[in-house]
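As a basis for the values below, the full set of heavy atoms in this structure was taken, side chains included, without hydrogen atoms, waters or symmetry mates. Both counts, for ligands and for their atoms, begin at 1 and track the order of listing.
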Amino acid sequence: MSLIVKKFGGSSVSDASGIIRVAGIIADDYSEGHDLVVVLSAQGDTTDDLIEKAAEINPFPSRREMDMLLSTGEQASAALMAMALERLGLPVVSLSGRQAGIRTSAEYGSARIEKIDCERIRGELDKRRIVVVAGFQGTARNGDITTLGRGGSDTTAVALAAVLRASLCQKYTDEDGIYTADPRKVPGARRLSEITYDEMMELASLGAQVLHNRSVQMAKRCGVELEVLTSFERKPGTIVKEVTSVEKIKISGVAKDTNTARIAVMGLRDEPGIAFRVFRVLSDARIVVDIILQSIGRGGTKDISFTVARSDLDAAVASLETQRGALGFSELDVSADVAKVSIVGAGMMSASGIATMMFEALCDAKVNINMISTSEIKISVLVDERDADRAVAAIHRKFFEDEG
Ligand code: ASP
Ligand code: MG
């Protein structure tokens, strides 16, 4: 018997039948003797609908009133779920963020959880009640309702799991776990039974949208085990934790990120301080740089290439152009038609030949590599965007399907 925090996303509770289905899952876990804290998102597209409703009335509403409005979506879900559980004859209480003791900073729309006073929740659990908490919200010191930013119910769930020392935080979605590649694009993609926090964070930042980096970071920091699973079928999902038991696979996943663009700064002087000056221009413009490559100096000049988010490309080019004289480059070569393809795996740290396998797969698929970067648990290559899906498929085949 243990304490479990279960979080259900908007798609799992989008209508009455969804709520009743989820209530059935909760009832089963309760009857096994677990203490349960259930965190809910707003039903379906409720949050978007509320945002639209607000826009019809005032195109520039204050953030305070937006939070007042948006927090109602989660509150409605919590009350409806409690009613569904009541109907099953189970002891239950629903709580708003405030009633659950969730105190946040005062940044309306993007508040941070500062502390959770769990007395109320503990008291309810002691009475063997199921506690249903409205996700995504809390209250600031002045008593105002705040929200935690889009997708913030995950954060509520992980934070509650941490302070309540839950043995597990389960996130139910319409995906049944974390896959070795996007299953919609790579038919051979497999569901992982386990993955480490670090791998999950790399995959999330590479475009796997199942878990937000913020909640994975928090789970890692607080030592909360996460499970990603579906509410549409009764089967185990993927567990995210610090160390996974050794599986035979060498890597955990292959990901593609098309929100990337490459800039080459050509004909820079080959002397100390040049890289510093180039990247200071970008950091002053608050542009995040990803892969960096510098050519060997030749004839007193060198080139520096790097990638930025595609959405930052114009700003990056503009800021470099304004400094053209000071930086002394001859030209900028820019390409937005690129994609980053990466493999991620904690097992890489101790295995050799992983990069070779990846490059062999790309060679076989005749995909040209523009740039390469590596970290302890990740190898990324920059390829032409039109080659990206083929690259992912070839790499996936090499690591997961050719084994025997
Ligand atoms: N309902 C909010 C949103 O759609 C919070 C959440 O779902 O986690 O962003
Ligand atoms: Mg939602």
Under the side chain to side chain contact (heavy atoms under 4.5 Å, CB included) criterion, do E225 and S167 qualify, and how do the steps go? CA-CA 7 Å; E225 263 183 35; S167 61; over 6 Å; no

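- When only interatomic distances are considered, the shortest N/O to N/O separation between S41 and ligand 1 falls below 3.5 Å.
- Under a 4.0 Å criterion applied to the non-hydrogen atoms of R150, ligand 1 contributes the atoms 3 (C), 4 (O), 9 (O).
- Where the criterion is an N or O separation shorter than 3.5 Å, residue side chain and backbone included, G149 fails it with respect to ligand 1.
- For a threshold of 3.5 Å applied to N or O pairs, the pair formed by D154 and ligand 1 contains no separation below that value.
- Expressed to the nearest 0.5 Å, how far CD1 of I395 lies from CG of D364 amounts to 11.0 Å.
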Would F232 and Y172 count as a ring pair (Phe, Tyr, Trp, His ring centres under 6.0 Å) here? Give the steps. CA-CA 9 Å; F232 294 88; Y172 288 83; over 10 Å; no

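- A salt bridge is defined here as a Lys NZ or Arg NE, NH1 or NH2 lying under 4.0 Å from an Asp or Glu carboxylate O, and E227 with K171 fails to meet this definition.
- Residue contact check: G151 has heavy atoms under 4.0 Å from atoms 3 (C), 5 (C), 6 (C), 8 (O), 9 (O) of ligand 1.
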Determine whether T146 and D67 satisfy the following criterion, side chain to side chain donor-acceptor pair (under 3.5 Å), listing intermediate values before the conclusion. CA-CA 5 Å; T146 53; D67 279 3; 5.4 Å; no

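- Within the structure, ligand 1 has G152 among the residues with a heavy atom less than 4.0 angstrom away.
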